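Since this is a predicted model, take the numbers as computed values, not measurements. Chain naming here is simple, since letters A, B, ... match the order of the sequence lines and numbering starts at 1 in each.
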2 protein chains.
Amino acid sequence: MTARFTDDAAGAASADGRQETAAGTRAAHVPDATVARLPVYLRVLLGLADAKVETVSSEDLAVAAGVNSAKVRKDLSQLGSFGTRGVGYDVANLLAEISRELGLTRPRGVAIVGIGNLGRALAGYGGFAPRGVQVEALLDADPGRIGEMVNGMIVLSVDDLEKVVANRDISIGVIATPAGAAQDICDRLVAAGVRNILNFAPATLIVSPGVNVRKVDLSVELQILSFHDQQRTRRPRGPAVPDVPEAVEATS
Amino acid sequence: MTARFTDDAAGAASADGRQETAAGTRAAHVPDATVARLPVYLRVLLGLADAKVETVSSEDLAVAAGVNSAKVRKDLSQLGSFGTRGVGYDVANLLAEISRELGLTRPRGVAIVGIGNLGRALAGYGGFAPRGVQVEALLDADPGRIGEMVNGMIVLSVDDLEKVVANRDISIGVIATPAGAAQDICDRLVAAGVRNILNFAPATLIVSPGVNVRKVDLSVELQILSFHDQQRTRRPRGPAVPDVPEAVEATS
DNA sequence: CGGTGTGAACGTCTTCACAGCA
DNA sequence: TGCTGTGAAGACGTTCACACCG
């Protein structure tokens with residue numbers, strides 16, 4: 001597990017019983033591990049919907065998402081009972097339910113701070129599935145970059161961060177600055193009311209409780225792969241390519 | 001947990017007993033969760049070494065790394081007994097041990113495929129700690145980009161992928177292509193002998209056993225944050241900013 | 001003392017296996 | 001019959017608390 005979320009005193013778990021699927025109440029307390037996989041299911045389902053597939057079994061979804069089918073069923077059952085026994089899940093319905101669970105039904109404004117190559121890549125990412133997550137502002141500290149047009153948006157001065165957060169309803173801040181600036185930007189985002197931060201800078205951010213920070217660190221990822229690379233070569237035996245080339249799912 | 005590694009039949013675990021710290025044999029079977037944190041400790045230690053700090057306690061290291069001290073001690077004890085009771089850990093020594101455990105003592109060649117904004121950002125990342133991980137080649141399919149100079153390296157044609165992997169001793173492949181090309185590039189990397197892949201494309205890669213894939217998907221991260229953002233607003237009560245602003249560590 | 005190293009308790013996530021329903 | 005939904009078991013990771021030692 002990469003991320004620790006703030007404990008946020010268990011969200012109003014009414015008794016323990018499951019609620020009617022019909023209107024209103026949603027699942028109380030979806031596990032972090034499940035939440036982390038929902039976006040992957042979402043992507044797969046979008047592809048299926050595009051291909052006019054109407055229903056999908058947990059097994060098929062599992063293969064496409066790179067997990068096993070028990071996990072898919074457990075995950076989906078956390079949100080409610082949306083499958084039909086003997087048949088599978090309705091693609092359109094499941095899409096709607098997962099989108100809802102992820103909070104993608106109303107837009108979440110994103111501001112990207114630091115418009116270097118990484119910031120540009122993020123700004124141009126585009127394919128943010130079914131709306132929901134929308135890049136609303138690009139900020140940078142370099143006067144040479146301010147005013148520049150990137151992906152249809154004008155780069156604004158980081159001096160205006162507080163104003164931008166307030167005016168454009170920013171709920172997620174992405175930090176793509178050098179490590180040295182990360183904590184300061186983070187503090188300002190939090191002070192301005194942002195409670196969700198995605199940090200690409202190689203630095204540990206310290207935040208007050210109630211703020212969610214997720215971190216993506218390229219060099220951490222590469223060093224983990226370095227470890228695994230070494231593991232193979234350290235062991236004298238152990239074929240790099242097993243003679244049973246049975247396909248296996250990856251990470252995602 | 002974001003990543004699953006291939007099971008790779010437990011690496012020659014000689015009995016269960018701990019080995020002498022002295023020469024030779026290393027810890028058998030370091031948990032994935034620990035491996036994922038070692039790079040963070042490494043980064044912190046580099047900073048300490050830079051500041052001429054000679055020893056560090058598990059508590060101090062923990063604060064700087066954004067974890068708790070029990071975790072630091074458990075993690076480090078997986079590699080051997082390097083601390084001194086009543087004192088702490090020798091920074092230089094710990095740096096060496098972690099570097100060794102991560103396989104950073106001999107260079108691991110990295111090839112980046114797809115030199116868009118993201119690929120450029122990765123190519124220019126630079127700060128790969130204490131050597132070990134070294135970008136050796138940049139590849140792209142766009143003729144307009146081939147031959148271009150990026151961060152001191154010439155962009156090569158992806159047609160030459162197999163040649164490049166062989167000639168430059170590439171052990172880690174980074175996929176920064178559009179989703180549609182990812183599986184094909186992955187297959188070619190694996191066929192060429194690469195056993196470690198870092199995938200930035202929003203696609204699930206299918207690989208044969210023995211190949212490690214790690215995935216970084218921006219839209220997955222944002223959607224997870226969207227979920228948490230929604231969690232707060234869904235709940236009527238629950239102050240966004242608790243009145244006890246006691247600092248708390250973030251993710252990593 | 002102060003801080004490491006670690007058994008044991010605890011909590012979370014995954015996997016199994018099967019009851020139950022369309 | 002086929003596939004979902006889920007209790008129960010097992011694996012894994014975290015946290016606690018303290019023995020041990022410099």
Side-chain angles (χ1 to χ4, degrees), chain A residues 1-5 7 10 16-21 27 29-38 40-41 54-63 65-91 93-94 97 248-249 251, chain B residues 1-5 7 10 13 16-21 27 29-38 40-41 54-63 65-91 93-94 97 248-249 251-252:
Chain A
M1 174 118 14
T2 309
R4 284 251 71 213
F5 299 108
D7 264 51
D16 197 308
R18 262 153 267 99
Q19 211 84 15
E20 286 297 88
T21 298
H29 226 54
V30 179
D32 282 357
T34 293
V35 171
R37 283 186 294 266
L38 291 179
V40 179
Y41 301 150
E54 304 219 326
T55 62
V56 63
S57 67
S58 60
E59 177 59 30
D60 292 351
L61 220 182
V63 168
V67 299
N68 65 44
S69 61
K71 214 178 276 184
V72 169
R73 290 198 300 278
K74 256 276 153 72
D75 285 343
L76 297 183
S77 75
Q78 308 279 359
L79 318 189
S81 270
F82 302 129
T84 308
R85 293 171 197 239
V87 179
Y89 301 87
D90 180 79
V91 172
N93 182 33
L94 204 50
E97 291 295 344
V248 141
E249 303 307 322
T251 299
Chain B
M1 171 118 14
T2 310
R4 284 252 68 214
F5 300 107
D7 264 50
D16 198 308
R18 262 154 267 98
Q19 213 84 17
E20 286 297 88
T21 298
H29 226 52
V30 179
D32 283 356
T34 293
V35 172
R37 283 186 293 265
L38 291 180
V40 179
Y41 302 150
E54 303 220 327
T55 63
V56 65
S57 68
S58 61
E59 178 59 30
D60 292 350
L61 221 182
V63 169
V67 299
N68 65 43
S69 62
K71 214 179 275 184
V72 169
R73 289 198 300 277
K74 257 274 153 73
D75 285 343
L76 296 183
S77 76
Q78 307 281 356
L79 318 189
S81 272
F82 302 129
T84 307
R85 294 172 196 237
V87 179
Y89 301 88
D90 179 79
V91 172
N93 182 32
L94 204 50
E97 291 296 343
V248 139
E249 303 308 321
T251 298
S252 141

Quick check: closest heavy atoms across B:Ala62 and B:Asn68, and the distance to 0.1 Å? CB-C, 3.6 Å
Proximal nucleotide (of C:dT14, C:dT15, C:dT6) relative to the B:Arg73 side chain: C:dT6
Closest to side chain of A:Ser77, choosing from D:dG5, C:dG5, C:dA22: D:dG5
Using atom CD of A:Gln78 as one end and atom P of D:dG7 as the other, report the distance to the nearest whole Å. 11 Å
Under the side-chain contact (heavy atoms from CB on, under 4.5 Å) rule, collect the residues that match up with B:Glu59, sequence neighbours excluded. B:Ser57, B:Val63, B:Ser69
With DNA chain C as reference, determine whether A:Gly86 or A:Ala70 sits nearer its 5' end, using the nearest nucleotide of each. A:Ala70
Given C:dG5, is OP1 or OP2 found less than 4.0 Å from the side-chain N or O atoms of B:Ser81? yes
Euclidean distance, atom CZ of residue A:Arg37 to atom C1' of C:dT15 [Å, nearest integer]: 12 Å
Atom OH of B:Tyr41 and atom C1' of C:dT4 are separated, to the nearest Å, by 14 Å
Can you find a side chain N or O atom of A:Tyr89 that sits less than 4.0 Å from OP1 or OP2 on C:dA22? no
So, B:Asp90 versus B:Thr55: side-chain donor-acceptor pair below 3.5 Å or not? no
Separation of C:dG11 C1' from A:Asp32 CG (nearest whole Å): 13 Å
What is the distance from NZ of A:Lys71 to P of C:dC16, rounded to the nearest Å? 11 Å
Which pair of heavy atoms, one from A:Tyr89 and one from A:Phe82, lies closest together, and at what distance? CD2-C, 3.9 Å
Does the side chain of B:Thr84 get closer than 4.0 angstrom to OP1 or OP2 of C:dT4 through an N or O atom? no
Quick one: is B:Asn68 getting a side-chain N or O under 4.0 Å of the D:dT14 phosphate, OP1 or OP2? no
By nearest-heavy-atom nucleotide on DNA chain D, the more 5' of A:Lys74 and A:Arg85 is A:Arg85
Side chain proximity check, A:Leu38 to A:Leu79, heavy atoms < 4.5 angstrom: yes
B:Asp75 atom CG is separated from D:dT14 atom P, nearest whole Å, by 7 Å
B:Asn93 CG - C:dT4 P separation (whole Å): 14 Å
Measure the distance from CG on A:Asp60 to P on D:dG2 and round it to the nearest whole Å. 14 Å
